[in-house]
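Model, not experiment: these values are computed from the prediction. Residue indices begin at 1 and follow the sequence shown. These numbers come from the heavy atoms of this one structure, side chains and all, not from hydrogens, waters or symmetry mates.
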Amino acid sequence: MNIVAVMFIVNSVSAVFKAASIIGTNSTSVFVDMLNDIGDAVGLGLLVLGLKLGGKSRSIVYPYGTRRALYVLGLIAISIFSGVIFASAIYRVAEALLGNYGVYSTREARILFTLALTTNALNLLAIYVSTRRNSNNPAIEGVLLDAVSDFSASTIALVVLITENPVLDVIGGVVISIAILISALSIGYKYYQVLVGRSPPRSVLKKVLTSVLSIPEVRDVNVFNASMITEDEYMLVLEVEVDRSLDVDDIEELSTKIENTVKNTERRFKHVIIEFVAERREPKTYKSIIRELETTAE
């Protein structure tokens with residue numbers, strides 16, 4: 001299952017548990033933490049919808065479909081929604097600071113919130129395992145930070161429920177409000193990366209380039225431009241130098257071979273555009289491309 005879908009499910013389940021626990025407590029930290037999960041679920045839900053809509057609206061006018069439009073709408077929606085949530089969180093914290101109140105919690109509220117925290121912990125563990133396996137999925141970028149901030153925020157809120165300490169409750173509300181901003185910025189950045197068409201991870205590009213260069217007929221690669229159409233759909237444009245003696249049939253066969261090599265190396269490359277040129281008596285261009293891939297930050 002796609003990591004974005006997993007995150008959406010986890011945040012939705014956690015939000016339900018936290019919303020149910022609100023009935024049995026007046027904790028500001030718990031309330032703000034619930035808003036945090038709701039905001040994450042909305043943002044991730046839009047991403048999941050975008051992935052589901054892929055390829056269903058391709059036409060001569062929109063050759064790659066229109067699901068990138070969802071990222072535009074999503075960026076606007078998450079900005080507005082997160083702004084409202086953050087304002088609500090700050091208002092609740094301000095109320096707590098200005099008023100004299102005691103924190104109370106029922107046994108049911110503590111149990112429900114513990115279930116939510118357990119969900120967050122399992123989610124964090126799953127993401128950590130994925131990153132340890134060197135996953136190259138760009139959707140996972142920033143997800144670990146989200147998971148850590150969510151787990152930390154929920155831990156603080158659970159401590160408040162157990163201790164019923166009003167001072168800690170206010171501090172927790174402030175900390176979790178900051179976590180809301182972090183999550184909103186992280187999800188918004190995912191949308192931004194897709195919309196500007198950033199390249200896939202450098203490790204993926206280097207692996208693909210190496211695979212193409214391993215084909216005997218390929219003398220050099222002059223152009224190697226890759227971009228994300230969506231998080232699971234990449235496009236690659238290549239200019240390849242070949243021997244001058246190759247005829248049309250050889251070129252067609254080589255084109256298919258290169259395309260299959262690219263797609264077998266990384267399945268997310270759904271579109272491969274290749275231009276062939278005769279071999280030149282110049283220094284090999286692919287070496288400078290590899291150097292750029294090795295020196296450019298992810």
Side-chain angles (χ1 to χ4, degrees), residues 1-4 50-71 133-141 193-296 298:
M1 183 181 291
N2 189 285
I3 187 65
V4 178
L51 295 174
K52 293 294 183 183
L53 293 177
K56 294 183 179 180
S57 55
R58 299 181 191 277
S59 66
I60 192 66
V61 179
Y62 300 104
Y64 301 112
T66 57
R67 66 173 171 169
R68 283 169 66 96
L70 188 68
Y71 290 84
R133 290 176 178 172
N134 297 317
S135 172
N136 290 318
N137 187 345
I140 205 170
E141 294 179 6
Q193 286 182 313
V194 174
L195 291 172
V196 299
R198 70 153 288 175
S199 65
R202 298 293 182 264
S203 56
V204 171
L205 298 183
K206 187 176 179 181
K207 186 177 179 181
V208 169
L209 178 57
T210 302
S211 298
V212 172
L213 290 169
S214 68
I215 299 174
E217 295 87 349
V218 174
R219 299 290 189 262
D220 194 10
V221 174
N222 299 324
V223 175
F224 189 79
N225 295 332
S227 63
M228 296 167 57
I229 294 177
T230 65
E231 290 162 318
D232 63 346
E233 186 176 346
Y234 302 163
M235 179 171 67
L236 178 64
V237 178
L238 294 163
E239 182 183 275
V240 177
E241 288 187 19
V242 297
D243 192 279
R244 295 174 181 272
S245 64
L246 293 181
D247 58 25
V248 174
D249 290 337
D250 293 331
I251 291 294
E252 289 181 356
E253 183 179 343
L254 179 56
S255 178
T256 301
K257 188 175 182 180
I258 292 174
E259 183 175 351
N260 290 337
T261 297
V262 170
K263 292 181 177 180
N264 289 335
T265 303
E266 175 50 66
R267 62 177 179 79
R268 285 184 286 261
F269 278 107
K270 306 293 175 59
H271 314 280
V272 182
I273 302 170
I274 309 168
E275 180 181 352
F276 293 99
V277 296
E279 185 176 7
R280 301 165 183 167
R281 294 178 181 178
E282 298 175 358
K284 298 300 183 183
T285 309
Y286 77 85
K287 295 180 180 179
S288 62
I289 297 175
I290 291 178
R291 280 197 300 271
E292 185 178 358
L293 291 176
E294 291 176 341
T295 57
T296 304
E298 290 285 358

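- Atom CZ of Phe276 and atom CG of Leu254 lie 4.5 Å apart (nearest 0.5 Å).
- Using a 4.5 Å cut-off on side-chain heavy atoms (C-beta onward), His271 and Glu233 make contact.
- Among residues at least two apart or in separate chains, ring pair (Phe, Tyr, Trp, His ring centres under 6.0 Å) pairs with a member in residues 243-270 are Tyr234-Phe269.
- For Ile290 against Lys206, the heavy-atom pair with the smallest separation is CG2-CE, 4.3 Å.
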**Item:** Check against side chain to side chain contact (heavy atoms under 4.5 Å, CB included), Val212 and Tyr286
**Value:** CA-CA 11 Å; Val212 172; Tyr286 77 85; over 6 Å; no

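- Looking at Arg219, its side chain does come within 3.5 Å of a backbone N or O of Pro216 through a donor-acceptor pair.
- A side-chain donor-acceptor contact under 3.5 Å links Glu241 to the backbone of Arg280.
- Leu236 pairs in a side chain to side chain contact (heavy atoms under 4.5 Å, CB included) with only one of the listed residues (Val208, Ile273, Leu209, Ile258), which is Val208.
- Listed by first and then second residue, the side chain to side chain donor-acceptor pair (under 3.5 Å) pairs involving residues 244-253 are Asp243-Ser245 (not counting sequence neighbours).
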**Message:** Show, in sequence, the C-alpha distance, side-chain angles and deciding distance for Lys207 and Glu266, and conclude whether the side chain to side chain contact (heavy atoms under 4.5 Å, CB included) test is met.
**Reply:** CA-CA 9 Å; Lys207 186 177 179 181; Glu266 175 50 66; over 6 Å; no

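- Considering CE of Met235 and OG of Ser199, their distance stands at 12.5 Å, rounded to 0.5 Å.
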**Prompt:** Hey, mind stepping through Val223 and Glu275 against side chain to side chain contact (heavy atoms under 4.5 Å, CB included) and telling me if it holds?
**Reply:** CA-CA 9 Å; Val223 175; Glu275 180 181 352; over 6 Å; no

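- When all heavy atoms of Lys263 and Glu259 are compared, the closest pair comes out as NZ-OE2, 2.8 Å.
- Residues that satisfy the side chain to side chain donor-acceptor pair (under 3.5 Å) test with Thr210, not counting sequence neighbours, are absent from this structure.
- Closest approach of Ala226 and Leu205 over heavy atoms only: CB-CD2, 3.5 Å.
- Side-chain atoms of Ser255 never come within 3.5 Å of backbone atoms of Ile251 as a donor-acceptor pair (strictly under, hydrogens ignored).
- Each of Glu239, Lys284, Glu279 was checked for a side chain to side chain contact (heavy atoms under 4.5 Å, CB included) with Asp220, and the lone residue meeting it is Lys284.
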